[in-house]
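Quantities reported herein were computed from a predicted structural model and do not represent experimental measurements.
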Amino acid sequence: MSAVRLLLLSLLCALFVSLCHGACAEVDSDTEAVAGKGFKLGCISCKMRPEVEASATVDWYFKAKGEADFAHIYNYDEEGQHIVDERFEDRVDWSGSKQSNDIQDASIYLFNVTFNDSGTYRCFFHRFLTYEFYEYQSVVSKVVHLTVVAKASRGTASIVSEVMMYVSIIGLQAWLYIEMVYCYRKISAAGEEALRESANAEYLAIASESKDNCGVQVAE
């Protein structure tokens, strides 16, 4: 029984570690781009329950400064990317989750940014969560207010965003390390208990065998 418990505990720890490696941290996008350069529009939406199977599609919308309505500019699904607005033709590339329909990072990359790219961007996650007996659909949106400048000037928001990103990464790594130590101690304790039980069982078997041998000699 102890060996079975040890095996189950090992499997649970391995599963936890694998889930932690796939941990997701929501970090706000930068909001200042330099004309003529490339720029990554960040958009991250983490699942609340990482163990649930899911798939998602992504849509990006853009409203230029002075315009009243948003225009659909980009779509990404299981078939790949689709540039909808001709203003962004050959200037947008997918920079989000790779080789997975379970999209949590929907970032895109803009090439050769122009002043006309200034404005408000919205990305939408259309997520389908698959449970044992039903499916659940949710829609999550993020907003990025982009300003295009002639020369880079690192603002406070960019610095805070980068600091928060590193804090999140360090926090996740620390959490993973603590859980790995906890699992190791549990496995070690279970292993020692299994060895003690095995030794006790072996001692009892030897004692029983010795007792039987003594009984046979007395009978003779």
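- Val140 and Ile44 sit in two unconnected hydrophobic clusters of ILVMFWY residues. Membership requires side-chain heavy atoms under 4.5 Å apart, directly or through other members.
- Proximity of Leu41 to Trp60: side-chain heavy atoms (C-beta onward) are separated by under 4.5 Å at one or more points.
- Under the 4.5 Å side-chain criterion, counting only non-hydrogen atoms from C-beta, Tyr109 is not in contact with Ser107.
- Ring pair Tyr61/His72 is parallel by interplanar angle, where below 30° counts as parallel and above 60° as perpendicular.
- Heavy-atom neighbours of Glu89 CD from other residues, nucleotides or ligands within 6.0 Å: above the threshold of 12.
- In this structure, Arg127 contributes its side chain and Ile103 its backbone to a donor-acceptor pair below 3.5 Å.
- Among pairs with a residue in residues 87-143, those fulfilling disulfide (SG to SG under 2.5 Å) read Cys43-Cys123, at least two apart in sequence or across chains.
- Nearest heavy atoms, Leu146 versus Phe39: CD1-CE2, 3.5 Å.
- Hydrophobic clustering keeps Val143 apart from Val148 (ILVMFWY residues linked when any side-chain heavy atoms are closer than 4.5 Å, directly or through intermediates).
- Screening Asp117, Asp85, Thr114 for a side-chain hydrogen bond (donor to acceptor under 3.5 Å, both in side chains) involving Arg91 leaves a single residue, Asp117.
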task = Applying side chain to side chain donor-acceptor pair (under 3.5 Å), run through Thr120 and His145 and close with a yes or a no.
result = CA-CA 5 Å; Thr120 303; His145 299 284; 3.2 Å; yes

request  = Could you walk me through whether Asp30 and Lys40 pass side-chain contact (heavy atoms from CB on, under 4.5 Å), step by step?
outcome  = CA-CA 8 Å; Asp30 287 337; Lys40 181 178 179 179; over 6 Å; no

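- The shortest side-chain heavy-atom distance between Lys37 and Val113 does not fall under the 4.5 Å cut-off.
- Taking OG from Ser45 and CZ from Phe125, the interatomic distance works out to 5.0 Å, rounded to the nearest 0.5 Å.
- One hydrophobic cluster, built from ILVMFWY side chains closer than 4.5 Å, cannot hold both Val84 and Ile108; they sit in different ones.
- Rounding to the nearest 0.5 angstrom, the gap separating the OH atom in Tyr136 from the CZ atom in Phe128 is 12.0 Å.
- Within the structure, the salt bridge (charged side-chain N to carboxylate O under 4.0 Å, His left out) test picks out the following pairs touching residues 52-74 (sequence neighbours left out): Glu67-Arg87.
- Exactly one of Phe62, Tyr74, Phe111 qualifies for a ring pair (Phe, Tyr, Trp, His ring centres under 6.0 Å) with Phe88. That residue is Phe62.
- No side-chain donor-acceptor contact under 3.5 Å links Gln81 to the backbone of Tyr76.
- There is a path of hydrophobic side-chain contacts, each under 4.5 Å, that joins Ile73 to Phe115.
- Hydrophobic clustering (side-chain heavy atoms under 4.5 Å, transitive across Ile, Leu, Val, Met, Phe, Trp, Tyr) keeps Val58 apart from Leu129.
- Counting only residues at least two apart or on different chains, the salt bridge (charged side-chain N to carboxylate O under 4.0 Å, His left out) pairs with a member in residues 94-108 are Lys47-Asp102.
- The shortest distance between side-chain heavy atoms of His82 and Asp77 falls below 4.5 Å.
- In this structure, OH on Tyr121 lies 5.5 Å from CG on Leu110, to the nearest 0.5 angstrom.
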